[in-house]
K.L.:
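My structure is below; once you've seen it, I'll send some questions.
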Amino acid sequence: MDRIEKFEKIIGYTFRNKKLINQALTHSSYANERKNPASCNERLEFLGDSVLSIVVSDYLYKNLNVAEGELTRVRASLVCEKSLHVFAKQIHLGDFLFLGRGEENTGGRERPSILADAFEAVIAAVYLDGGIEPASKHILRFMPEDVQHPQKPAFSDFKTVLQEIVQKNPEEKVEYVLIGEEGPDHNKRFVVEVRLNSQVIGKGKGRSKKEAEQLAAKEALELMGYEA
């Protein structure tokens, strides 16, 4: 059984057009080494992102009777890179990727960004090959069983939620600024402000810069009227 057949067995879908799944599994590093950049999965990733968003949005709309802000929060937690990385590992996606020598030698098969992008590319390949029904079936297998409880999303990634909201207005820019550190070295706290177009919209304090950024984004979401 070759690589494609093994992967098809794992995801439970057989492609009529094998070129689509080959392209979905081809990272740009591999395509560039073979001087055929058009064969990489970046265009499929673009389409897969949209298919993923509409399927998850439809699923949440039908299964969660909550306000728009809460739907946005839950969706963002399910389609962020962190979640897609987890989903990709569930189907051992990294084992089937075509990578260039550089990426292969530096751990590309485990890199979250590569796996998340390839996961979206596979969604697009299924969609183009079989339509929205098999694409939806493929995506929904990864949805958490407790989706009826939005207070417990897959990941509480407040930064991703805030970024999704802000991106609706391309002229606006969000940045996180470390404004201070408190406490001794063994118990240090970092203080971070999140700014929208240079205006402070949230502040957070945490044991790490990342935690402080997440708490700052959470405060900003609450200020904007979203239940974080």
K.L.:
Heavy atoms only: give me the nearest Leu78-Ser83 pair and the separation to one decimal.
P.N.:
O-CB, 3.4 Å

K.L.:
Check Thr14 against Asp129 and note the closest heavy-atom contact, atom names and distance.
P.N.:
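Closest approach of Thr14 to Asp129: O-OD2, 4.1 Å.
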
K.L.:
Establish whether Ile165 and Leu215 are linked, either directly or via other cluster members, by ILVMFWY side-chain heavy-atom contacts under 4.5 Å.
P.N.:
no

K.L.:
Taking atom CZ of Arg43 as the centre, report whether more than 12 heavy atoms of other residues, nucleotides or ligands fall under 6.0 Å from it.
P.N.:
no

K.L.:
Which label fits Phe142 and Phe119: parallel for a plane angle under 30°, tilted from 30 to 60°, or perpendicular past 60°?
P.N.:
perpendicular

K.L.:
What's the spacing between Lys203 NZ and Arg195 CZ if we round to 0.5 Å?
P.N.:
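Separation between the atoms: 9.5 Å.
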
K.L.:
So, are Lys209 and Glu213 salt-bridged, with charged N and O less than 4.0 Å apart?
P.N.:
no

K.L.:
Take Glu104 and Arg101 through the salt bridge (Lys or Arg N to Asp or Glu O under 4.0 Å) test and state the conclusion after the steps.
P.N.:
CA-CA 5 Å; Glu104 184 76 66; Arg101 288 185 296 273; over 6 Å; no

K.L.:
Please give me the minimum heavy-atom distance between Val55 and Ser136, naming the atom from each residue.
P.N.:
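Shortest heavy-atom separation between Val55 and Ser136 comes out as CG2-OG, 3.5 Å.
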
K.L.:
Going from CD on Glu193 to CD on Gln199, what distance comes out if it is rounded to the nearest 0.5 angstrom?
P.N.:
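Reported to 0.5 Å precision, the distance equals 11.0 Å.
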
K.L.:
Can you hop from Val177 to Leu196 via hydrophobic side chains spaced under 4.5 Å?
P.N.:
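Shared cluster, no.
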
K.L.:
Should we count NZ of Lys89 as having more than 12 external heavy atoms under 6.0 Å?
P.N.:
no

K.L.:
Tell me the closest heavy-atom pair linking Ile201 and Leu223, and the distance in Å.
P.N.:
O-CD2, 3.4 Å

K.L.:
Heavy atoms only: give me the nearest Val192-Ala212 pair and the separation to one decimal.
P.N.:
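Result for this residue pair: CG2-CB, 3.7 Å.
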
K.L.:
Is there a donor-acceptor pair closer than 3.5 Å between any side-chain N or O of Glu8 and the backbone N or O of Phe15?
P.N.:
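It does hold such a pair.
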
K.L.:
Can you check whether Arg189 reaches Glu181 side chain to side chain, under 4.5 Å on heavy atoms?
P.N.:
no

K.L.:
If you look at every heavy atom in Val79 and Glu164, which pair is closest and at what distance?
P.N.:
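For Val79 and Glu164, the tightest heavy-atom pair comes out as CG2-OE2, 4.0 Å.
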
K.L.:
Does Arg34 count as lying over the ring of Tyr30, i.e. NZ or CZ under 6.0 Å from the six-ring centre, within 45 degrees of the axis?
P.N.:
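Arg34 over Tyr30 ring: yes.
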
K.L.:
Do the side chains of Leu97 and Leu115 get nearer than 4.5 Å, heavy atoms only?
P.N.:
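Yes, side chains in contact.
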
K.L.:
Is there a donor in the side chain of Glu68 and an acceptor in the side chain of Thr72, or the other way round, less than 3.5 Å apart?
P.N.:
yes

K.L.:
So, the side chain of Asn41 versus the backbone of Gln23: is there a donor-acceptor pair under 3.5 Å, distance only?
P.N.:
no

K.L.:
Using the rule that Ile, Leu, Val, Met, Phe, Trp and Tyr join whenever any side-chain heavy atoms are under 4.5 Å apart, tell me whether Leu84 and Ile54 fall into a single cluster.
P.N.:
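Yes, same cluster.
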
K.L.:
Can you confirm whether His138 sits close enough to Tyr13 that some side-chain heavy atom of one is under 4.5 Å from a side-chain heavy atom of the other?
P.N.:
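No, too far: nothing below the 4.5 Å cut-off.
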
